[in-house]
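Quick notes on the structure that follows.
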Amino acid sequence: MTLSIALTHRFADFTLDVAFDAPPGLTVLFGRSGSGKTTVVQAVAGLLTPLKGHIAIGEHTLLDTERGINLPAHRRRAGYVFQDARLFPHLTVQQNLTYARRFLRGRTPSTSLDEITDMLGIAPLLSRRPATLSGGEKARVALGRALLSEPDILLADEPLAALDAARKAEILPYFETLRDAGRIPILYVSHDMAEVARLATTLITLDAGRVTAQGPAADLLSDPAFHPAGPREAGALIEATIAAHESDGLTRLDAGGAPLFLPGLSQAPGTRLRLRIAAQDVMLARTRPTDSSALNILAGVVREIHQGDGPGAIVALDTQAGRVLARITKRSVAALDLAPGTACHAIVKSVAIAPESVAPGLAPGLSPGLMPTAKPFAPNA
Amino acid sequence: MTLSIALTHRFADFTLDVAFDAPPGLTVLFGRSGSGKTTVVQAVAGLLTPLKGHIAIGEHTLLDTERGINLPAHRRRAGYVFQDARLFPHLTVQQNLTYARRFLRGRTPSTSLDEITDMLGIAPLLSRRPATLSGGEKARVALGRALLSEPDILLADEPLAALDAARKAEILPYFETLRDAGRIPILYVSHDMAEVARLATTLITLDAGRVTAQGPAADLLSDPAFHPAGPREAGALIEATIAAHESDGLTRLDAGGAPLFLPGLSQAPGTRLRLRIAAQDVMLARTRPTDSSALNILAGVVREIHQGDGPGAIVALDTQAGRVLARITKRSVAALDLAPGTACHAIVKSVAIAPESVAPGLAPGLSPGLMPTAKPFAPNA
Amino acid sequence: MSWLSPDGLTALTLSLKVAGWATAIGLPLALAVAYALARLRFPGRGLLNIAVHMPLIMPPVVTGYLLLLGFGPQGPLGRVFHDVFGLTFAFRWTGAALAAGVMGFPFMVRAIRLSLEAVDPRLEQAAATLGAPRFQVFRTITLPMIVPGLLAGAVLAFAKGMGEFGATITFVSNIPGQTQTLPLAIDLALETPGGEGQALRLALLSLTIAAAALVLSEWLSRRVAARIAGQTTAKVEEAAQI
Amino acid sequence: MSWLSPDGLTALTLSLKVAGWATAIGLPLALAVAYALARLRFPGRGLLNIAVHMPLIMPPVVTGYLLLLGFGPQGPLGRVFHDVFGLTFAFRWTGAALAAGVMGFPFMVRAIRLSLEAVDPRLEQAAATLGAPRFQVFRTITLPMIVPGLLAGAVLAFAKGMGEFGATITFVSNIPGQTQTLPLAIDLALETPGGEGQALRLALLSLTIAAAALVLSEWLSRRVAARIAGQTTAKVEEAAQI
Amino acid sequence: RADEITIFAASSLKTALDTASKDFEEQTGHNLTLVYAGSSALARQIAQGAPADLFLSANPGWMDVLESENRLAPGTRRDLLSNQLVLISHDAGAPIALNDQTDLATLLGGGRLATALVDAVPAGIYAKAALQNLHLWDQAEPRLAQAKNVRAALALVQTGAAPLGITYATDAHAAGNSVHIRATFPAASHPPIIYPAAALANGNVAGARAFLAYLSTPPAQAAFTAEGFALLPAPGDT
Ligand SMILES: Nc1ncnc2c1ncn2[C@@H]1O[C@H](COP(=O)(O)OP(=O)(O)OP(=O)(O)O)[C@@H](O)[C@H]1O
Ligand SMILES: Nc1ncnc2c1ncn2[C@@H]1O[C@H](COP(=O)(O)OP(=O)(O)OP(=O)(O)O)[C@@H](O)[C@H]1O
Ligand SMILES: [Mg+2]
Ligand SMILES: [Mg+2]
């Protein structure tokens, strides 16, 4: 089910004018503070009626200002994780979590309270009231409450911003599972490029109330000229298949024939994965290094060099495994005498699991190893 | 002025029992959600009276439950950036920002409203009321309000959590300046290891209401066994002096005789800096690589190998430049036949400016280049 | 009870009944009106607001007189209630309760309205996104959050019901056992030369009852507030002592 | 004004003066008492709470009688006020204002207290960390946030002041031009054979004034709420229409 | 020299006293302030030192209280007016014979008999005495609607809330066609209905005396009789 959104709204000195589709999977709204992300989400949830607009999930119209359709919030079934937690202060944590359960109207619960509280680590808080929770605890309860509401669409406004790295790492796989199950569209607001790279199937970037880029996350991220959060966050996605689990704990992948090593994954050999290689983490060498700790070396040909204003450049390299980006200095470009067509080697320090892994969700064994920077333990040679 | 803290407090199912000193500079409280960070900060601000405790800034006692001293909050002059913004809803943004100005009691303002609003990008919001602000805008106003209060001590509870990378990059240098000016102790709560590495002079890690580690950030971060946020976040600090600004925009540093290249810094040659090298970003090779994009190669001797439970290991290497950590696989440890005493080379992909740069604060030219992951543009060879 | 005449005792039980019913029936109505005034925009909202305040602005005798005209045996509303619900107000304790309810109504509405206006609409929005229809939002979120206002309104109305005199005597006159509430008995005593002692005793009685209601409402209100603030039961108990 | 007798006009201006002063003087006192009840713990807090509610619980005549005993020419408090402040209440408009103020006091206290209890203490804490001493916190944070309660209290007290009858006539009698407020004039008109027309006219007058006060307070309250909600002036104006 | 004279008078005297006082003011140039309220309230206020010069009470009881407290100017108390008690009805009908055979229950037809408070307010006390005297009390008592005062009792009948009521002749008279006088209680069936007057010791006794004297003059008498009162002879006249 595709969520299609077209909105125009005006505040005193801010104008929102966006139109985009959120296809099945997880769509990240990415943009600076004040760019209009929350406003879009509120309109989808039915908490803000835009001046003009049309919002639909598949054929199901939620809002159409021209035809005078405006479904009230409670009939939109939008599970909304608010930027501010908005817990009900008079209810216990448990009552907050199960609040939506009495309004299921025949839906069968797909998750249990226990599952969610375990994942979020809030089981010990069930009898407490929100006023006694820490910031991060509130955020987790708010997330759990939305997840337990069996929504038709999930709206998450920076759900993990208040959480520590370890906690994020525990929760991210849940979003991946949800995304890969593909039952409901997920609109996810984030400031964090690592979260984007890890979760997004579709990426929408907003700036001052307008869409500046939109499309499949993989395509956008492989474009050397696209780095909405700065060149540091550039990085391409490649596809690979699990070849074997080796005895020292590493997993060998086959990326278009080239071997890639990752710390032990739990999926079965043959599983296809999508991986993210941050441009930052790629070094280039004209000859294949033989005596270094780098396990992952991909031979390739320079396709494009994107030179920025600063001392850096992003080099796009076509390898056996696919398009890889490398972020190096202009000095290195000159020293290595790189130009389109030059053959060279990409030395990859770390590789991360990217969104849309073809497997039916990430297995739990993997999750603790995945860190918020989306780089699992880096294999060296 | 050292802030010394010793507290015992008890909630229904949480006990806080901490004692630590926050020497001049910036002390980061680091710990998982619910570990007691906010509780400590509240006690320092005078918003929570602990069961037992002693808090003093130098000789100036704020709290001493034994002697019955408990300075009211308004006389502690603690500029507090709350985890939830807590803006005054009935006042405009400008009135919020200047609220503390009428209670200066003879203090001379050290910053102007213009300076702060420019830094935080909130100048266009001055006449608005908090209810109309976006999440990140609220966070910035709350930060500005505390900064403008001419505090005797600054308490910042995850002040940047709601902000995007670019905005964080603009604000971090301000904290560095404040820290380096050394006028007031800063207690800074953070979940973000990059922020810690960049800002902390002192680091306190909390877990379940207890201090699990404390000490100068540089020392803690150089310990291969210390990685409170997971081994991925390990990284050592080294010292270096600016040698020259080269013509292609890179700056050459001298680290104990070894050359290191960073993207153009603005400080004068001769300035001493402290740098962070993330263990993640270091590869090891037995022989010096000659034909790669890596500009920064340090020869050294393995001092210690810290093997974890997973497939990874952290190798501590003593080089000319000082102690460097490298995070590699156990397979690589075996393949390279590493053991304490082995000579090898550290190939450094990226280098970051670390806290306590000896220069009187970072020059503005640098700040936009510094990203929240604390890695300036990575030099390659 | 030697110091309390049997008439006094009858007046006391009657007063309790009258004030109790006036509060119990008035509260849901006041809630509806307060909700309408606080949240809805409709034609006649201003008039409703003025009407609610009328018993406060008018001398009680006028209110009583208007009640007599409207709800008396010959009054149109009185007939409707009699014919439709079999409910007679004239010269009965039900009429005294009506008078007490009407006189206490503005306070209930105000207290509830103040509480309603203090409810954070963002919480109601959150409930809506979780699938709660408007009425359920009201029942599960709004209502529990305005408990302090409901309690304040109830205690004001009850106190007023215990003290209401002018409208009551004008509307249902003074019939011992039927409409002779404590204030009427007190007034009667005061009209009689030398009746001050009896009046004082009755007044003290009235005060004691109302004070008990007050303490109860404070305690309940405190409990609710403490719950929201997340204090433990032990602390609540302590805080509730006055 | 042909339809309004000169006496009626006098009563009107007097009522305005009485209700106005009762509200103006009562409000700060009510604020202090509400603050004490809502925020402080002190011995006698429960008694104070009951005392505040007494004018509501007692029939107005009793309150008036107690005022007469306390603040009359021979009353101890009356003497103190007379000797110390040169202020006489007995049989003067000041006494009518006192009666109106006392009778309206419980509503003011309640309304303000409800608002006070709804103020988020975390905002007051934030102000304290910014260096604001307790009183300044109150002045700059608490007070602006309880404006709705103050306005509600004021309008209730004013309305009550316009309608107060029993305590007033018992305390300061019904002296034309001095203590004969509108409700007393209305009551007298009702006592007079054929006076219903005059009573009705006076009642309408009273209602008009109180309605005006009501509309004003609603408008102010709306403005404050809208400001906090951050609406633009245009929207406020629109919302204020009733 | 013009005097200020404050008169505390029972509310029921308002119409007549307003007329009489206007004439007096015109004739003498004195300034009268007329304060109307219930006798009990006025008596209490006088006892507490109210600035009144003359008190006109609707019953002797409260005057007695003031007299016993030495609040009255000696020698000024006199019985000023008298009144009659009547049975009135909402609906027109034939005159009713008042005696121990009168079937009040039937006449009331399930309705109530409006009176002023029978234990507190003079009109009610007189009504009770009369009913007892006529052996109608047992019948009447459970059917009473006791109003705050006689005007309120009248209102009950006027609005039809009560089919019958007992009021002063003066009130029934003033109510015009809205009520019907169906019987007058025999003067012997109740204590004489007396409105006493007295100057007050702490007031302007001379002024009070002057006005009191004026009330016995024919123009003043006319004002009272127009309202249905009977003027009692001044002590000096006898
Ligand atoms: N009033 C209270 N009553 C009971 N428990 C409380 C209360 N306040 C805090 N706690 C508990 O104390 C612990 C520490 O809370 P604190 O707010 O200091 O955590 P924190 O380290 O700031 O976490 P976060 O990063 O999530 O903000 C938490 O487990 C919290 O639930
Ligand atoms: N009620 C309002 N009145 C006026 N301006 C508003 C209102 N609500 C939002 N805005 C403005 O609209 C812009 C977009 O707000 P929005 O909350 O959508 O931003 P956001 O992208 O979610 O930012 P953040 O990451 O900081 O939460 C902001 O500049 C904000 O100030
Ligand atoms: Mg937002
Ligand atoms: Mg916290």
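Order of the sequence lines fixes the chain letters, A, B, ..., with proteins taken first and strands second; residue numbering starts at 1 for each chain. Computed from a prediction, not measured in an experiment: that's the story for all the values here.
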* Asked: Under the 3.5 angstrom rule, does the side chain of D/Ser217 hit a backbone N or O of D/Leu151 as a donor-acceptor pair?
  ->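 Here the side-chain-to-backbone pair does not exist.
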* To do: For the pair C/Thr23 (side chain) and C/Ala19 (backbone), establish whether a donor and an acceptor sit closer than 3.5 Å, ignoring hydrogens and angles.
  =>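 A pair under 3.5 Å: yes.
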* Give me the ring orientation class for D/Trp93 and D/Trp21: parallel if the planes are under 30° apart, tilted from 30 to 60°, perpendicular past 60°. =>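 Because their plane-to-plane angle lies in the 30° to 60° range, the rings of D/Trp93 and D/Trp21 count as tilted.
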* Determine the option with the most heavy-atom pairs under 4.5 angstrom with chain C, choosing from D/Ala210, D/Ala118, D/Ala152. =>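 The option with the most such pairs is D/Ala152.
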* To do: Look at D/Asp187, D/Val61, D/Leu156, D/Leu184 and state which one has the largest set of heavy-atom pairs under 4.5 Å with chain C.
  =>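 The option with the most such pairs is D/Leu156.
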* Contact leader toward chain D among C/Leu56, C/Val62, C/Leu200, C/Thr63, where contacts are heavy-atom pairs under 4.5 Å ->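 Option with the greatest count: C/Leu56.
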* Which of the residues C/Met58, C/Met54, C/Met162 is involved in the greatest number of heavy-atom pairs with chain D at under 4.5 angstrom? ->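 Most pairs with chain D among the choices: C/Met58.
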Heavy-atom cut-off 4.5 Å, strictly under: side chain, backbone, both or neither for [X] against chain D?
{"X": "C/Phe158", "result": "neither"}
{"X": "C/Ala199", "result": "neither"}
{"X": "C/Glu196", "result": "side chain"}
{"X": "C/Ser115", "result": "side chain"}
{"X": "C/Leu114", "result": "side chain"}
{"X": "C/Val155", "result": "side chain"}
{"X": "C/Ile50", "result": "both"}
{"X": "C/Ile186", "result": "side chain"}

* So, D/Glu117 and D/Arg110, do they make that salt bridge, N to O below 4.0 Å? ->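 Looking at D/Arg110 together with D/Glu117, the answer is no, because their closest N to O distance does not fall below 4.0 Å.
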* To do: Examine whether an atom of D/Ala111 lies under 4.5 Å from a heavy atom of chain C, and if so say whether it belongs to the side chain, the backbone or both; otherwise answer neither.
  =>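 Both parts, backbone and side chain.
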Once you round to the nearest 0.5 Å, how far does [atom1] of [X] lie from [atom2] of [Y]?
{"X": "C/Leu68", "Y": "C/Thr170", "atom1": "CG", "atom2": "OG1", "result": "8.5 Å"}
{"X": "C/Leu214", "Y": "C/Trp219", "atom1": "CG", "atom2": "CH2", "result": "15.0 Å"}
{"X": "C/Lys160", "Y": "D/Ile57", "atom1": "NZ", "atom2": "CD1", "result": "11.5 Å"}
{"X": "C/Thr142", "Y": "C/Glu124", "atom1": "OG1", "atom2": "CD", "result": "3.5 Å"}

* Asked: Would you say the side chain of D/Asn49 lies within less than 4.5 Å of the side chain of D/Arg113, judging by non-hydrogen atoms?
  ->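 In contact.
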